[in-house]
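Structure first, then comments.
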Amino acid sequence: MLPYERRDGVLHAGRVSLVEVADRVGTPVYVYDRGHIESRYHALEQALAPLEADICYAVKANGNLAVLDCLARLGAGFDIVSGGELQRVISAGGDPGRVVFSGVGKRADEIDFALKTGIRCFNVESEPELERLAARARLLGRQAPVSVRVNPDVDPQTHPYITTGLKTSKFGVSPEQALRMYRRAAADPHLHVTGIDCHIGSQIGSPAPLLEALEGLLQLTDRLAADGIAVAHIDLGGGMGVNYRPFATDVADFDVDAYGSAIRQALTGRDLRLLLEPGRYLVANAGVLLTRVEYLKPAAAAESLSFAVLDAAMNDLIRPALYQAWHDVVPVAPPAPGSATARWQLVGPVCESGDFIGHDRDLALAEGDLLAVMSAGAYGMAQSSNYNSRGRAAEVMVEQDGFRVVRRRETVRDQLALELPEDGDVAFGPMRPDRSS
Ligand code: LLP
């Protein structure tokens, strides 16, 4: 169920009209519905019950502090991949003791920061990383909690760029390497073996590949037990997909209930705490990107196409350009009576032909129309950039019957601040302030 519904033809999040949000905050703007994030979290919790799993939200999906605050209050832990994400969790009031740290390239300073804040565990992705972790822990007089990220060589049947658990991928280590690393860790007083983990990919349609990976991890756990090495938790990563065509089709989302009951069955009789690292499942359908039509360029000749140039571009939402991802695009208010539907290429102002939000969309459009790009809550704002010196969009959280801006729109001053001398001023027109007077 989407949190966005029409009232008198106008798209609303609860009682909040998206026309009002766009009028007050401007476009492009990301809008998130807090209630939806809460209900997805509860649905996942229920699917796993009576297991008391730790749901460690993958911050990379959407690291806005208001989103993190919402999840922290629900009792979530967090999966991070950088020191910056750890700082975000702390700034949002999250508990570092519930943080797991994934990623293939952890720097020494990031490891130190995580050790000092006392995170729950490091998901170690290589033998040299384990060596570095041991050295940093020794230097700081601490003990580092360790889980080894295993690459179970399972195909998650998703886009190649978000496939992470195949032999050919840069992530994790083979089961043989993992065994060596566990033996090494168990013998080091500055390392403490706590878990085992994997993450095989993202936007996965069914539980089957994830359960295959779970089997592989359990076999490895048994081999470790035979060596006298016990792990306390098993972390299956994220990957649960969502339906990106909620208006066009009634394709079901990833079946969390089936996933939950299969995990429960597989873990029966084992003293293993379950961790998951969902990102998209919790936030994708909570978000929309609101954008206005700047110009219409109807096809000028028989072979040419009709373009609707929006004020949102690939720098705001790169998923269509990067993964050929589909996002439903719908008008926020009903079209003017009598307006004709045509087939449009929905593109942005960025100077690349790959800059599109959607191809071949049948819509009745007029200049100034407000559109909602659906399912944009995950990997939308998080992957945005300043390409073409465009300021990043604003972000809004809808909660109870109102909304608030949870990140203001970026200004030119924000962008130039890192490049100008500290006392430099920014003005449209001459970029260098005239210092002669
Ligand atoms: N854990 C780890 C170690 C990850 O690398 C990821 C995502 C997750 C958890 C969360 O996965 P999720 O539950 O969201 O599928 N930018 C792409 C997705 C990249 C996913 C990267 N890793 C997209 O827009 O589709």
Side-chain angles (χ1 to χ4, degrees), residues 30 37 40-41 43-44 53-63 67 71 76-82 85-86 89 99-106 120-126 129 147-152 156-166 169-173 195-207 209-210 213 217 234-244 253-254 256 259 275-287 289 314 316-327 357 373-385:
Y30 277 97
I37 301 175
R40 295 291 273 197
Y41 185 86
L44 189 54
D54 293 307
I55 300 174
C56 295
Y57 169 65
V59 174
K60 65 171 77 68
N62 185 332
V67 171
L71 285 151
F78 297 93
D79 166 56
I80 60 159
V81 288
S82 70
E85 287 190 350
L86 178 53
V89 169
V99 165
V100 299
F101 192 172
S102 306
V104 292
K106 301 178 189 78
R120 174 161 185 186
C121 98
F122 292 84
N123 290 346
V124 179
E125 306 225 13
S126 65
E129 183 191 330
S147 165
V148 175
R149 177 166 174 182
V150 179
N151 184 330
Q157 316 268 334
T158 183
H159 192 280
Y161 290 2
I162 51 178
T163 293
T164 50
L166 282 176
S169 127
K170 70 175 176 181
F171 298 98
V173 297
I196 185 165
D197 69 283
C198 70
H199 169 76
I200 62 168
S202 196
Q203 184 56 6
I204 300 174
S206 88
L210 292 158
L217 258 57
I234 186 161
D235 174 355
L236 298 181
M240 294 168 278
V242 302
N243 175 14
Y244 275 98
D253 273 355
F254 183 94
V256 278
Y259 187 38
L275 261 75
L276 293 180
E277 303 169 358
R280 189 188 317 266
Y281 180 82
L282 295 174
V283 296
N285 279 330
L289 172 62
M314 66 190 292
D316 299 299
L317 179 67
I318 204 174
R319 302 194 69 259
L322 194 55
Y323 318 106
Q324 298 77 46
W326 173 282
H327 287 262
I357 298 292
V373 184
M374 306 304 295
S375 312
Y379 307 107
M381 184 67 177
Q383 296 192 111
S384 65
S385 77

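Just follow the structure's listing: the first ligand is 1, and inside any ligand the first atom is 1. No experiment lies behind these values; they were computed from the predicted model shown.
Applying the 4.0 Å criterion to heavy atoms of Q383 picks out, from ligand 1, the atoms 16 (N), 24 (O). Short contacts between ligand 1 and P278, defined as distances under 4.0 Å to a heavy atom of the residue, involve ligand atoms 13 (O). Atoms of ligand 1 found under 4.0 Å from any heavy atom of A58, numbered from 1 in the order shown, are 8 (C), 9 (C), 10 (C). Proximity to E277 (heavy-atom distance under 4.0 Å) selects the following atoms of ligand 1: 1 (N), 2 (C), 3 (C), 8 (C), 9 (C), 10 (C), 13 (O). Near G238, with a cut-off below 4.0 Å to any heavy atom, the atoms of ligand 1 are 9 (C), 13 (O).
Distances between N or O atoms of R149 and those of ligand 1 include no value under 3.5 Å. For a threshold of 3.5 Å applied to N or O pairs, the pair formed by G239 and ligand 1 contains at least one separation below that value. At under 3.5 Å, not a single nitrogen or oxygen of G201, backbone or side chain, sits near a nitrogen or oxygen of ligand 1. For the pair R319 and ligand 1, the shortest N or O to N or O distance falls below 3.5 Å. The shortest N or O to N or O distance between S102 and ligand 1 is not below 3.5 Å.
Contact check for L275 versus D197: no side-chain heavy atoms found under the 4.5 Å cut-off. At least one side-chain heavy atom of Y57 sits less than 4.5 Å from a side-chain heavy atom of N62. Residues S102 and H199 form no side-chain contact, since every pair of their non-hydrogen atoms from C-beta on lies 4.5 Å or further apart. Taking the side chain as every heavy atom from C-beta outward, D54 and R120 approach each other to under 4.5 Å. Annotation: side chain of V67 is not in contact with side chain of M381 (no heavy-atom distance under 4.5 Å). Side-chain contact between R319 and V373: absent, with no pair of heavy atoms (C-beta onward) separated by less than 4.5 Å.
Using a 4.0 Å cut-off between charged side-chain N and carboxylate O, D235 and R149 make no salt bridge.
Residue contacts with ligand 1, taken as heavy atom pairs separated by less than 4.0 Å, involve H199 solely via side-chain atoms from C-beta onward.
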(request) Quick one: do V100 and S147 satisfy side-chain contact (heavy atoms from CB on, under 4.5 Å)? Show the steps, please. (result) CA-CA 9 Å; V100 299; S147 165; over 6 Å; no
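Figure legend: K106 and F101 shown as a cation-pi pair, the cationic atom lying under 6.0 angstrom from the six-membered ring centre and within 45 degrees of its axis.
For atom 15 (O) of ligand 1, the closest non-hydrogen atom on the protein side is S202 OG, 2.4 Å. Looking only at protein heavy atoms, the nearest one to atom 19 (C) of ligand 1 is I162 CG2, 3.6 Å. Scanning the protein for heavy atoms near atom 22 (N) of ligand 1, the closest one is K60 CD, 3.5 Å. Regarding atom 17 (C) of ligand 1, its nearest protein heavy-atom neighbour is Y323 OH, 3.0 Å.
Aromatic ring centres of Y259 and F254 lie closer together than 6.0 Å.
Comparing Y57, Y379, Y281 against atom 20 (C) of ligand 1, the shortest heavy-atom distance belongs to Y379.
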